[in-house]
Amino acid sequence: MTKISKQTKLEAILAYHAGFASKAKVAKHYGISKTLFGMLLAAYATHGPDVLLNPPAIAGEFRIAVASWAIRENASLTAVAAKFGYVGTAQIIKWKEIYSKLGPNGLLSIQKGQKPKMTKKKQTQTNKLSAEENRLAQLEDEVLRLKIQNEALKLLASIQQRTDNSQK
């Protein structure tokens with residue numbers, strides 16, 4: 001999916017309001033999905049051009065307000081866009097799902113962006129660490145074996161000493 005600029009979205013909205021074509025034709029002409037274009041029109045009608053130029057700040061409280069209102073009102077994505085001026089369809093759907101499963105605390109714990117992927121440097125550190133851990137485990141096993149061997153030799157020496165004393 002390609003990102004559509006704010007300018008293109010605004011041009012599409014103005015073209016529709018000017019009566020050049022239907023929603024579907026304007027959306028297709030500007031490469032905007034019908035759902036998104038409907039949401040943009042609803043948000044623009046309620047909030048004006050500011051909704052495109054200065055979208056709402058996304059914070060935990062905003063997510064909770066959007067998700068709880070959308071669930072409570074059984075609202076469509078277009079209705080959410082009209083009320084809150086937010087047109088992130090995938091995020092709204094995800095927020096509603098999280099709110100339904102985990103409640104408001106689930107939405108407060110969301111962090112922006114993707115989880116970082118493990119880099120090669122971290123992978124080599126992990127491999128090195130596991131190699132060091134393996135070596136440490138080997139040394140611990142060897143120490144235990146030597147302790148057992150030492151105790152066995154002491155026991156053997158003590159038995160030999162008893163037998164030598166008993167023979168005298």
Side-chain angles (χ1 to χ4, degrees), residues 1-140:
M1 184 173 159
T2 59
K3 185 168 175 127
I4 301 160
S5 71
K6 294 174 185 178
Q7 183 63 33
T8 302
K9 292 175 186 175
L10 186 58
E11 285 177 20
I13 290 169
L14 295 176
Y16 174 73
H17 283 295
F20 290 125
S22 68
K23 282 184 194 178
K25 287 185 180 180
V26 171
K28 184 177 180 179
H29 176 75
Y30 286 94
I32 303 171
S33 74
K34 292 177 193 175
T35 304
L36 177 60
F37 191 60
M39 291 175 72
L40 287 169
L41 289 172
Y44 183 84
T46 307
H47 301 280
D50 197 45
V51 76
L52 293 174
L53 304 175
N54 298 315
I58 309 303
E61 294 78 21
F62 180 77
R63 291 184 200 109
I64 292 169
V66 169
S68 64
W69 183 84
I71 291 169
R72 186 175 57 251
E73 300 295 324
N74 196 22
S76 67
L77 294 173
T78 305
V80 171
K83 175 138 177 97
F84 295 96
Y86 184 70
V87 294
T89 56
Q91 289 83 6
I92 294 169
I93 292 167
K94 187 174 183 178
W95 296 346
K96 285 171 59 176
E97 186 178 303
I98 291 170
Y99 189 88
S100 295
K101 289 180 182 176
L102 304 174
N105 289 337
L107 291 174
L108 289 174
S109 64
I110 294 175
Q111 294 182 357
K112 188 175 180 180
Q114 295 180 349
K115 293 180 183 177
K117 295 180 181 177
M118 187 179 270
T119 63
K120 280 189 174 183
K121 185 176 182 181
K122 287 184 181 180
Q123 286 175 344
T124 57
Q125 286 177 347
T126 304
N127 292 342
K128 185 177 181 181
L129 187 61
S130 63
E132 288 175 6
E133 287 174 345
N134 285 340
R135 179 69 179 143
L136 182 62
Q138 288 173 349
L139 291 173
E140 287 173 349

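Hydrogens, waters and symmetry mates are skipped; everything else that's a heavy atom, side chains included, is used. No experiment lies behind these values; they were computed from the predicted model shown.
- Of the inter-residue distances, the one linking Y86 atom OH with Q91 atom CD reads 3.5 Å to the nearest 0.5 angstrom.
- Contact between R63 and L107 at its shortest, heavy atoms only, is NH1-O, 3.2 Å.
- Note: E97 CD to L102 CG = 9.5 Å, rounded to the nearest 0.5 Å.
- Nearest heavy atoms, V26 versus A12: CG1-O, 3.3 Å.
- Distance check, rounded to the nearest 0.5 Å: CD1 of I64 to CG of N105 gives 7.5 Å.
- Scanning both residues, H47 and K83, for their nearest heavy atoms gives NE2-O, 3.3 Å.
- In this structure, I32 and K9 approach most closely via the heavy-atom pair CD1-CA, 4.3 Å.
- The side-chain heavy atoms of V80 and W95, taken from C-beta on, include no pair separated by under 4.5 Å.
- Taking the six-membered ring for Trp and the full ring otherwise, the centers of H17 and Y44 sit less than 6.0 Å from each other.
- Note that the CG atom of N54 and the NZ atom of K6 stand 7.0 Å from one another [nearest 0.5 Å].
- With respect to L77, the side-chain contact (heavy atoms from CB on, under 4.5 Å) criterion is satisfied by exactly one of I93, L36, V87: I93.
- Legend: residues meeting side-chain contact (heavy atoms from CB on, under 4.5 Å) with A65, ordered by chain and number and at least two apart, are F84.
- Annotation for T78 and A42: closest pair CG2-CB, 3.5 Å, computed over non-hydrogen atoms.
- The structure places CG of L52 at 10.5 Å from OG1 of T8, a figure rounded to the nearest 0.5 Å.
- Taking each heavy atom of G106 and I98 in turn, the nearest pair found is C-CG2, 3.6 Å.
- Once rounded to the nearest 0.5 Å, the distance linking CD of E11 with OH of Y30 reads 5.0 Å.
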